2 protein chains.
Amino acid sequence: MRERKKQATREALRTAALRLALERGPDNVRVDDIAEAAGVSPRTYNNYFSSREQAIVAAVTADRAAHLAATVAARPADVGLSDAVIDAVVGLYTSSDDHRRDALLMITSNPALRACYVDVVTTIEDPLADAIAERHPEIDLLTAHVLSACVGAAAKVALRQWLRSVSGPATPSGLVVPSGSLPDIIRAALTPLVPALDAAAGS
Amino acid sequence: MRERKKQATREALRTAALRLALERGPDNVRVDDIAEAAGVSPRTYNNYFSSREQAIVAAVTADRAAHLAATVAARPADVGLSDAVIDAVVGLYTSSDDHRRDALLMITSNPALRACYVDVVTTIEDPLADAIAERHPEIDLLTAHVLSACVGAAAKVALRQWLRSVSGPATPSGLVVPSGSLPDIIRAALTPLVPALDAAAGS
DNA sequence: GCGCAAAATTGCGTGCACGCAAAAATATGC
DNA sequence: GCATATTTTTGCGTGCACGCAATTTTGCGC
């Protein structure tokens, strides 16, 4: 029950943060405002989120980690590890919720929020490592963690690439901008990892 | 010449930060102290480093990126990409400079400095991507960036693992702690990436 | 040397993250 | 119900990162 209340506070902070940010614009929301809207002291806010942006982004990315782990575990055992992992990660970025639509637009329009959004990818790594280890007990734990970190790193590259293509019109870098949909870019970024994943899985 | 002066200031800040941190202990050094010791305003400090820890860590990790790129480029073309990359990264962590010895000890003893030290790995990624792209022009740029990010991610896992083994006596996690030397751990962490690197290089 | 444009430094103000210790809320045994 | 141990919240103080605009420094053509 203690745990219940904590999750409720978390949720309250997330939704309050997102609502205020959408109403006033992300730069016109102080952390004190969020705390007050959630009925909690400003200091408590930082017991739950360690930056002003985290709460806003968390409203959109909540329980990504659990979802990913479940998806990987749910794949039948006869599909390759690489397919299971790639499909699961792509699945995380294929939702087109309606009320998340404008939230994502706001996030992609704000540098600080963008950075935070990319950073959240990190949270999938540990659960993913566990999922890999459970699916393939023959893989040692260090390798599982390395592979998960690589998946996260590749996803980050894809996200940054996509963010550039939607927000940065000028393309000074020599990087080819396929300008495809986010799932396509993610899939492309994860493809170089297929040999590593399948080799570790022994197939 | 303008550039020269900037690098001089950077260097002054780095060395001042490291000296003060070694003298008084890292927690007893304010950013104002570093700035003053370097003969510069506190505000200017943050034009060069965006956190208090960065300057201290940078004193030990300066020009890692350039060194790595050069090492990769220097390998004869007939050694595989994976060997070239792995040897180069391992080389970054095989120096046992004398005056860096105690600096590293201080860094590994302080949580904030540890985190910053791990984060510096990120700085090798872009130069590494360039080096890979130059060595293998047939690899497209997205893949080069993904591979570099993966190398960085694996190195981070290795570093964290090693830091745990030197600073955290209790091993609550189920992770096998080989307790080997840092180069050994790095090599082990990069090994799962060999298939991906060699596949991308076409060999 | 002289003046001018570009770039770097500086001071100031603001909001923020977090350590610490007191206070409030919650669970546990009797 | 009551006392007590544990956890969570809160207030306060401190140091810090950074936007902004003014000021100083640097580079360059003459």
Side-chain angles (χ1 to χ4, degrees), chain A residues 1-14 16-18 20-21 23-59 109-120 122-123, chain B residues 1-14 16-18 20-21 23-59 109-120 122-123:
Chain A
M1 182 276 190
R2 222 162 197 164
E3 203 57 29
R4 232 195 231 335
K5 186 170 185 176
K6 284 186 68 171
Q7 294 304 3
T9 312
R10 223 185 202 86
E11 169 76 14
L13 284 169
R14 275 195 300 236
L18 181 57
L20 289 177
E23 285 176 6
R24 316 181 187 173
D27 287 333
N28 302 325
V29 180
R30 312 272 133 265
V31 59
D32 297 34
D33 304 334
I34 303 176
E36 193 185 11
V40 115
S41 106
R43 182 62 181 83
T44 299
Y45 175 90
N46 277 310
N47 288 346
Y48 286 87
F49 298 99
S50 56
S51 92
R52 188 175 63 89
E53 293 81 13
Q54 271 187 19
I56 303 177
V57 172
S109 310
N110 182 293
L113 291 178
R114 274 207 302 266
C116 192
Y117 185 64
V118 172
D119 269 351
V120 174
T122 311
T123 61
Chain B
M1 182 274 190
R2 220 162 198 165
E3 205 56 29
R4 234 201 229 334
K5 186 169 186 178
K6 283 186 69 170
Q7 294 305 359
T9 313
R10 225 187 198 83
E11 169 77 14
L13 284 169
R14 275 195 301 236
L18 180 57
L20 289 177
E23 284 176 8
R24 317 181 186 172
D27 287 333
N28 303 325
V29 180
R30 312 271 135 264
V31 59
D32 297 33
D33 303 335
I34 303 175
E36 192 186 13
V40 115
S41 107
R43 182 62 182 84
T44 299
Y45 174 90
N46 277 309
N47 289 345
Y48 286 86
F49 299 98
S50 56
S51 91
R52 188 175 61 91
E53 292 82 13
Q54 271 189 17
I56 303 176
V57 172
S109 310
N110 181 294
L113 291 178
R114 274 207 302 267
C116 192
Y117 185 64
V118 172
D119 269 352
V120 174
T122 310
T123 61

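Remember, predicted model here, so these are calculated numbers, not experimental data. Order of the sequence lines sets the chain letters (A, B, ...), proteins ahead of strands, with each chain counted from 1. What you see below is based on every heavy atom in this structure, not just the backbone, and it leaves out hydrogens, waters and symmetry mates.
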Quick one, A:T44 and A:S41 - any side-chain contact, counting heavy atoms below 4.5 Å? yes
Kindly say whether A:V40 contributes a backbone atom to a donor-acceptor pair with the side chain of A:R43 at under 3.5 angstrom? no
Atom-pair distance (CG on B:N28; P on D:dT14), nearest Å: 16 Å
Can you give one letter per nucleotide of nucleotides 19-30 of chain C, 5' to 3': B if a protein heavy atom sits under 4.0 Å from the base, S if only from the sugar-phosphate, - if neither? BB----BBS---
Would you mind reading off the distance between B:D32 atom CG and D:dA17 atom C1', rounded to a whole angstrom? 12 Å
So do B:P26 and B:L113 actually touch side chain to side chain, heavy atoms under 4.5 Å? yes
With sequence neighbours excluded, residues passing side-chain contact (heavy atoms from CB on, under 4.5 Å) with B:A112: B:E53, B:N110
Grab the NZ-C1' distance between B:K6 and C:dA8 for me, whole Å please. 7 Å
Counting only N and O atoms by type, is there a donor-acceptor contact under 3.5 Å from the side chain of A:Y45 to the main-chain atoms of A:R52? yes
Spell out, as yes or no, whether a donor-acceptor pair under 3.5 Å connects the side chain of A:Q54 to the backbone of A:S50. yes
Under a 4.5 Å cut-off applied to non-hydrogen side-chain atoms, are B:R10 and B:F49 in contact? yes
May I ask you to list the residues of residues 33-41 of chain B, by number, that have any heavy atom positioned under 4.0 Å from an atom of DNA chain C? B:V40, B:S41
For DNA chain C, find the residues of residues 46-59 of chain B with a heavy-atom distance under 4.0 Å and give them by number; none if there aren't any. B:N47, B:Y48
B:A59: side-chain contact (heavy atoms from CB on, under 4.5 Å) partners, not counting sequence neighbours: B:R14, B:L18
Are any of the side-chain heavy atoms of A:Q7 and A:E3 separated by less than 4.5 Å? yes
side-chain contact (heavy atoms from CB on, under 4.5 Å) partners of B:N28, counting only residues at least two apart: B:R24
